[in-house]
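Remember, it's 1-based here, ligands and their atoms both numbered in the order they're listed. Along the sequence shown, the residues carry numbers beginning at 1. Side chains included, hydrogens not; waters and symmetry mates left out as well; all remaining heavy atoms used.
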Amino acid sequence: MGLREYKSKREFEKTPEPKPEVRPEGDQLTFVVHKHAARNLHYDLRLELDGVLKSWAVPKGPSLAPSIKRLAMMVEDHPFDYKDFEGVIPEGNYGAGSVIIWDRGFYSHPAAKDKKDSEKLLREGLKKGDLKFVLNGEKLQGEFALVRMRKDEKSWLLIKKKDRYASEVSILKESRSAVSGKTLEKVAEAGTGKSFRQKKVKQIRLSEALEEEDLKDAPLSPMPHNIKPMLATLAKKPFDHPDWVFEMKWDGYRAIAEIRDGDVSLYSRNRISLTQKFLPVADSLRDLGFDAVLDGEIVVVDDQGRPDFQLLQDYRKSKSGHLLYYVFDLLHFRGHDLTNLPLLRRKELLKKILPSSPKIKFSDHVLKEGVLFFNVVKGKELEGIIAKHSQSVYQMGKRSREWLKVKARLTQECVIAGFTEPGAGRKYFGSLVLGVYEGDELKYIGHSGGGFSERDLKAIFNKLKPLVQKECPFTIKPDTNTADTWVKCEVTFTGWTEDGIMRQPVFLRLREDKTAREVVRENDS
Ligand code: MN
């Protein structure tokens with residue numbers, strides 16, 4: 001083949017790649033495997049023969065498992081000096097992107113006595129379309145074969161022969177250069193052109209995360225829009241079980257993120273847009289650079305890392321606290337519908353593709369040990385845990401029993417139906433009259449007079465004032481001994497309760513992410 005094609009594809013004043021020179025050397029034959037982040041991440045197997053490097057691009061990389069056949073596309077011969085090339089091929093050049101020497105060493109024909117003999121047998125093998133060779137590298141060792149496919153001259157299969165080096169363990173996990181120890185990402189970071197470099201680094205990270213990941217069991221399907229998240233059923237007690245995983249129950253806004261062609265839409269469980277409200281999260285999601293639908297919780301944590309719901313509700317105005325999006329599920333990814341994959345598989349994939357970012361976090365889980373995890377959470381006065389069956393599929397909009405929430409402190413959401421006059425020494429109102437919906441009927445569940453700060457009293461009163469109405473919103477008017485002022489049921493709040501019974505709930509916070517009609521009694525089961 002010679003080096004004419006190699007030469008014709010390159011301008012040597014614009015690329016650091018070696019000039020085309022034939023340069024046989026030494027008494028052993030050299031091989032090299034480059035890992036190359038061009039448009040697609042791939043591996044290039046290069047075998048020295050007659051002073052040049054015979055080359056094959058292997059899209060999925062070599063494998064040590066004899067059962068796996070990897071497609072290897074024969075490409076132009078490369079000069080012998082290419083064995084030492086590691087670096088960045090600049091933007092605009094052929095094969096632009098970063099290259100590392102993933103593996104390097106000597107090789108020979110299995111039946112050959114010396115280099116000359118090897119070359120003769122290899123030349124014959126090449127011609128026949130059945131090339132046998134033994135690699136002695138840092139990562140690849142033992143006998144391999146390259147077998148030409150019938151369909152065309154360029155398509156070959158790279159196959160590991162059965163010997164003591166055969167293995168089912170993925171060798172591609174060893175991702176560093178055999179020469180410098182650098183990763184592809186590290187090499188790419190040294191490249192020129194800021195945007196090209198950033199794009200490449202992001203692309204490398206994602207391609208490496210997805211290496212050997214096939215989504216054959218997740219069908220291609222259009223990305224869903226405006227979905228309703230899957231919901232958890234309230235459970236009384238934590239438990240241990242090998243088939244379940246346990247996550248933190250974050251005290252924030254449940255939020256779905258749709259990332260589509262660089263556009264981000266972030267919305268609540270009622271499909272109220274949160275994109276503008278939490279713009280820094282949306283911006284970070286845009287930077288991910290892939291299409292996906294994510295499920296998670298937006299929280300604002302204080303300096304101790306504890307989620308603070310009040311900081312969250314005030315975030316747009318105050319900008320105080322640290323805004324985070326804890327992502328716990330992946331529903332759609334690069335055109336694939338993942339909702340029918342088992343939860344654990346979705347979470348593993350999510351963990352792989354989510355880079356560490358200041359605003360976006362993978363919400364981790366523990367396996368099996370629900371009780372211990374719950375006790376830790378409770379000890380830290382956090383909200384509770386969510387138990388999920390590790391094989392559960394994602395059922396949009398459904399409150400499932402394969403997802404269970406266990407609260408460290410019992411809370412109840414209530415609709416504010418009215419208020420009473422303040423007593424002496426207090427401003428705005430005395431207590432709130434509360435209800436929950438049962439079907440279409442609003443049922444009285446109690447008064448709440450405790451837990452309000454001066455600021456809460458004022459804020460709630462200002463919200464209620466424009467909603468005052470003559471009509472009592474309860475279907476059955478509660479028998480109370482105070483003169484109540486009724487309001488239109490729009491404001492909801494969460495209160496602490498004891499034993500799950502709505503006795504004298506203590507005000508915790510207003511909720512802006514739920515509508516009144518969604519407020520029902522929390523039934524445990
Ligand atoms: Mn290449």
Side-chain angles (χ1 to χ4, degrees), residues 1-12 14-21 30-49 52-63 70-105 107 131 135 137-140 144 146 148 152-158 171-172 174-180 182-192 196-197 199-208 210-212:
M1 205 185 276
L3 295 172
R4 221 171 25 201
E5 189 181 346
Y6 176 84
K7 192 178 164 193
S8 72
K9 285 178 170 170
R10 289 166 179 82
E11 292 178 66
F12 292 97
K14 290 184 182 160
T15 175
E17 293 166 287
K19 292 196 177 67
E21 280 168 279
T30 295
F31 87 95
V32 59
V33 178
H34 282 116
K35 187 175 179 183
H36 183 186
R39 199 172 326 127
N40 292 304
L41 180 68
H42 63 272
Y43 293 76
D44 292 297
L45 169 65
R46 310 191 194 282
L47 304 175
E48 175 195 348
L49 190 61
V52 298
L53 300 174
K54 295 284 165 194
S55 295
W56 288 262
V58 186
K60 290 191 165 177
S63 168
R70 289 279 157 86
L71 180 67
M73 296 302 293
M74 196 175 211
V75 297
E76 76 274 16
D77 293 349
H78 278 51
F80 182 72
D81 285 346
Y82 214 95
K83 71 182 172 52
D84 300 318
F85 179 69
E86 182 166 289
V88 179
I89 303 170
E91 189 176 10
N93 288 280
Y94 179 71
S98 47
V99 178
I100 58 168
I101 300 169
W102 181 76
D103 199 13
R104 196 168 70 178
Y107 87 106
L131 192 59
L135 300 179
E138 300 285 327
K139 297 186 177 80
L140 299 180
F144 288 78
L146 271 165
R148 190 160 55 214
D152 64 83
E153 288 284 294
K154 307 253 166 185
S155 306
W156 297 61
L157 291 171
L158 176 64
I171 191 73
L172 303 184
E174 292 180 32
S175 61
R176 290 175 181 275
S177 164
V179 174
S180 66
K182 287 179 184 164
T183 59
L184 259 186
E185 224 180 281
K186 183 93 190 157
V187 169
E189 278 165 5
T192 50
F196 179 67
R197 191 170 64 220
K199 196 177 114 202
K200 278 291 171 191
V201 167
K202 221 186 298 171
Q203 195 188 72
I204 291 166
R205 205 174 285 158
L206 191 63
S207 317
E208 287 195 334
L210 293 170
E211 225 172 13
E212 295 178 288

*Asks:* Please determine if K19 and D81 form a salt bridge, counting it only when a charged side-chain N lies under 4.0 Å from a carboxylate O.
*Replies:* no
*Asks:* Would you tell me whether S175 and E208 have side-chain atoms, one donor and one acceptor, within less than 3.5 Å of each other?
*Replies:* no
*Asks:* Side chain of Y107, backbone of E48: donor and acceptor closer than 3.5 Å?
*Replies:* yes
*Asks:* Which residue in the set H36, K35, K60 passes side-chain hydrogen bond (donor to acceptor under 3.5 Å, both in side chains) when paired with H42?
*Replies:* H36
*Asks:* By residue and atom, what protein N/O/S atoms are less than 2.8 Å from the Mn ion (ligand 1)?
*Replies:* H36 ND1, H42 NE2, D44 OD2
*Asks:* Determine, stepwise, if the pair E189 / V201 fulfils side chain to side chain contact (heavy atoms under 4.5 Å, CB included).
*Replies:* CA-CA 7 Å; E189 278 165 5; V201 167; 3.9 Å; yes
*Asks:* Take E76 and R10 through the salt bridge (charged side-chain N to carboxylate O under 4.0 Å, His left out) test and state the conclusion after the steps.
*Replies:* CA-CA 12 Å; E76 76 274 16; R10 289 166 179 82; 3.2 Å; yes
